[in-house]
Amino acid sequence: MHSEHRAGIPLTLAAIGGLLFLHIPLMLIILYAFTTEEKSFQFPPPGYTTRWLSVAWYERPDIWQPLYLSFKVALIATAIALVFGTLAAAGLSRAKFFGKESISLLFILPIALPGIITGIALRSAFDIMGLPFSTWTIVLGHATFCIVVVYNNAVARFRRISGSMVEASMDLGADGFQTFRHVILPQIGSALLAGGMLAFALSFDEVIVTTFTAGTGVASKTLPIWMLDELIRPRQRPVTNVVAIFVMAVTFIPIVCAYYLTKDGEHTGGAGK
Amino acid sequence: MQNAVSFQHVSRHFGAVRAVDDVSLDIAEGEFFAMLGPSGSGKTTCLRLIAGFEQPTSGHIEIFGTTAEGLPPYRRNVNTVFQDYALFPHMTVGENVAYGLMIRGVARAEREAQAIEALKMVKLDGFQTRRPSQLSGGQRQRVALARALVNKPRVLLLDEPLGALDLKLREQMQDELKALQKQLGITFIFVTHDQGEALSMANRVAIFNEGKIVQAGAPSDVYERPRSRFVADFVGSANVLTPDFNARHGGEKTWASLRPEKIRLALPKEKLPTGWTSATGLVTSVSYQGAVTRIVITSEGNRIAAMVPARDLTTSEGDTLTFAWPRSAAVAMEDA
């Protein structure tokens with residue numbers, strides 16, 4: 001693995017260029033949260049201020065509703081994903097039946113499908129079922145890809161638990177619930193935590209599926225959608241950047257934690273969405 | 001004496017496969033019982049039926065007089081040592097051993113003390129704070145044993161208990177298991193495909209083939225008097241004599257078994273003691289095995305192996321050889 005070769009200068013430059021291209025815009029978002037100019041993004045900013053932090057906190061009550069909704073949706077979608085993703089992983093890692101591979105693929109599909117397809121499909125399905133668009137339709141939409149993330153993390157761990165370990169626990173007097181609590185949960189716990197945090201991060205900043213599954217009106221606006229709206233009609237633009245920094249923190253920290261939790265030789269399923 | 005385990009016409013089918021096919025069996029309390037057979041013969045399924053991991057398709061199972069079918073594994077006073085040991089990797093050795101006690105709600109101090117006792121019994125005192133991953137195969141096996149025994153089961157089930165150990169360790173564990181069983185007086189039931197293991201450890205052996213018990217009895221009984229060609233061949237590779245051959249050499253016109261070690265070499269015109277018989281054949285292979293040499297002779301269409309002390313040997317492949325055996329050593333069998 002450890003090569004003595006050093007990369008050539010052009011390759012090094014290309015790599016640095018690529019990284020800068022990816023990360024300079026992020027820096028700009030942070031930078032413009034502190035600019036004194038509120039209508040346009042001029043570079044360099046004419047002056048610096050921390051005023052927008054207090055504006056966002058005290059003078060913009062319209063932030064709180066989307067923020068609350070995003071947290072609520074992410075938490076519920078993650079909870080649903082933890083239950084169903086774990087059950088699916090337990091079932092599919094243990095059982096052998098005809099069509100098992102296809103079923104596994106179907107489980108992973110929602111994360112591979114473009115969000116716009118998932119969005120349209122869910123929207124028409126909700127229409128046919130006559131389900132009114134609400135917080136719950138957003139939650140269902142998010143749960144489709146959150147389940148995949150939890151499933152991917154849990155299934156790798158389940159494969160390492162031998163069937164005889166479960167039998168040994170039952171043999172020693174534990175019923176199904178006790179076996180889950182004392183033998184299975186401790187072994188899949190960190191994978192579930194990692195999967196759950198990734199799921200939360202994915203749900204928290206999701207735009208496309210949300211657009212299709214949310215109703216209209218202020219009450220169905222999640223934080224990312226609110227931000228999109230803010231960019232379209234410029235007013236106190238740096239406030240959006242302050243919120244963006246907050247979103248970065250909320251999604252970035254769980255992903256870093258998930259990375260370290262599953263670092264021992266496993267891939268972090270779905271981290272790429 | 002009460003039966004520890006009793007099978008009455010028990011069958012377990014998986015689809016069209018009859019893994020266990022109409023087995024009736026009584027295992028007395030305190031017995032060291034071996035289930036011996038090739039893989040797929042139904043012996044492991046029988047063990048799993050006793051443990052409760054499988055339920056019979058038909059028939060009746062009793063454990064100490066209590067009906068067992070329908071009872072889940074956690075409601076049976078039976079514990080298992082698994083072939084792969086199935087230790088819990090996230091727990092220490094001490095926690096592994098104390099698991100059954102914890103589930104039963106025994107207080108921490110009490111269960112830790114009992115776990116240490118159990119570890120002492122298997123000569124692993126001082127190991128309670130280690131992780132299973134830090135132990136050797138033999139040590140893991142002992143932990144699995146302690147984890148089962150700490151619950152004071154009335155029946156201990158062992159699934160190929162020595163299969164994963166190397167030869168020397170296997171012999172040592174055989175002796176230790178035997179001593180442990182004598183000391184505790186618990187009924188031990190173990191599954192193996194190794195006839196040497198079964199014969200040396202068990203008081204009684206049941207030989208399985210294709211889901212049925214083909215013969216059961218004391219090790220010496222099964223070894224000396226196999227009832228079928230399958231048993232004769234599987235237990236200690238006895239020679240199987242055809243009915244014609246047997247009849248020509250002083251036996252009945254039935255299939256018979258003849259142990260290789262009952263045969264000695266003879267001179268062509270030697271006067272044999274009364275009750276002995278001899279045959280002549282062509283040596284097809286000679287293999288040196290240390291204390292003995294194994295000679296395979298083809299005689300009158302029968303392929304006969306003989307184990308002779310190495311020092312007696314002056315023969316080689318292609319020679320014509322006369323060999324002799326006491327008539328009583330050729331044991332008549334059913335045709336099967």
Side-chain angles (χ1 to χ4, degrees), chain A residues 82 86 89-91 93-100 150 153-197 257-258 260-268, chain B residues 14-15 44 47-54 71-92 95-106 111 115 118 131-133 140 143-153 155-160 164:
Chain A
L82 281 174
T86 307
S93 63
R94 187 77 71 233
K96 285 194 187 97
F97 55 89
F98 177 75
K100 178 183 162 181
V150 173
N153 274 278
V155 81
R157 217 49 89 80
F158 267 112
R159 288 205 190 98
R160 290 198 296 194
I161 302 177
S162 68
S164 63
M165 233 182 262
V166 173
E167 287 184 345
S169 171
M170 307 274 255
D171 188 73
L172 293 164
D175 58 26
F177 177 75
Q178 287 169 318
T179 298
F180 180 76
R181 172 163 140 55
H182 295 294
V183 174
I184 297 184
L185 197 57
Q187 295 191 67
I188 63 168
S190 62
L192 288 191
L193 192 59
M197 286 196 287
C257 292
Y260 281 103
L261 277 172
T262 52
K263 216 166 81 158
D264 48 7
E266 275 176 42
H267 76 119
T268 309
Chain B
F14 298 100
T44 300
L47 199 77
R48 294 171 61 80
L49 283 164
I50 302 170
F53 302 130
E54 302 286 350
L71 277 187
Y74 49 87
R75 296 245 180 77
R76 300 182 182 209
N77 200 353
V78 165
N79 286 114
T80 308
V81 175
F82 290 82
Q83 187 172 9
D84 64 355
Y85 316 138
L87 300 180
F88 307 130
H90 58 292
M91 295 183 192
T92 63
E95 287 165 347
N96 263 284
V97 175
Y99 185 81
L101 302 173
M102 179 198 69
I103 294 293
R104 269 192 277 142
V106 176
R111 65 178 191 245
R131 294 266 164 183
S133 59
R140 282 180 209 183
V143 175
L145 198 57
R147 186 177 68 174
L149 288 174
V150 79
N151 303 293
K152 305 196 167 48
V155 178
L156 183 75
L157 306 175
L158 303 113
D159 186 7
E160 300 271 1

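So you know, we letter chains A, B, ... as the sequences are listed, proteins then strands, and number each from 1.
- Nearest heavy-atom pair, A:G196 versus A:V150, reported as atom, atom and distance to 0.1 Å: N-CG2, 4.2 Å.
- Counting only heavy atoms from C-beta outward, the side chains of B:F53 and B:P73 approach each other to under 4.5 Å.
- Note that the CZ atom of B:F82 and the CG atom of B:L157 stand 9.0 Å from one another [nearest 0.5 Å].
- Taken to the nearest 0.5 Å, the CG atom of B:L145 stands 6.5 Å off from the CG atom of B:L158.
- In this structure B:A115 satisfies the side chain to side chain contact (heavy atoms under 4.5 Å, CB included) test together with B:V97, B:A98, sequence neighbours excluded.
- Here A:A154 pairs with A:A89, A:F158, A:L192 under the side chain to side chain contact (heavy atoms under 4.5 Å, CB included) rule; sequence neighbours left out.
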Quick one: donor-acceptor pairs between chain A and chain B, under 3.5 Å, side chains and backbone, table format.
from	atom 1	to	atom 2	distance (Å)
A:S164	OG	B:D84	OD1	2.9
A:S164	OG	B:D84	OD2	2.8
A:E167	OE1	B:R48	NH1	3.0
A:E167	OE2	B:R48	NH1	3.2
A:E167	OE2	B:R48	NH2	2.7
A:S169	OG	B:Y99	OH	2.7
A:M170	O	B:Y74	N	3.4
A:D171	O	B:N79	ND2	2.9
A:D171	OD1	B:T80	OG1	2.8
A:D171	OD2	B:N79	ND2	3.4
A:D171	OD2	B:T80	N	2.6
A:H182	O	B:H90	NE2	2.8

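- Looking at B:L87, only its backbone comes within 4.5 Å of chain A, counting heavy atoms on both sides.
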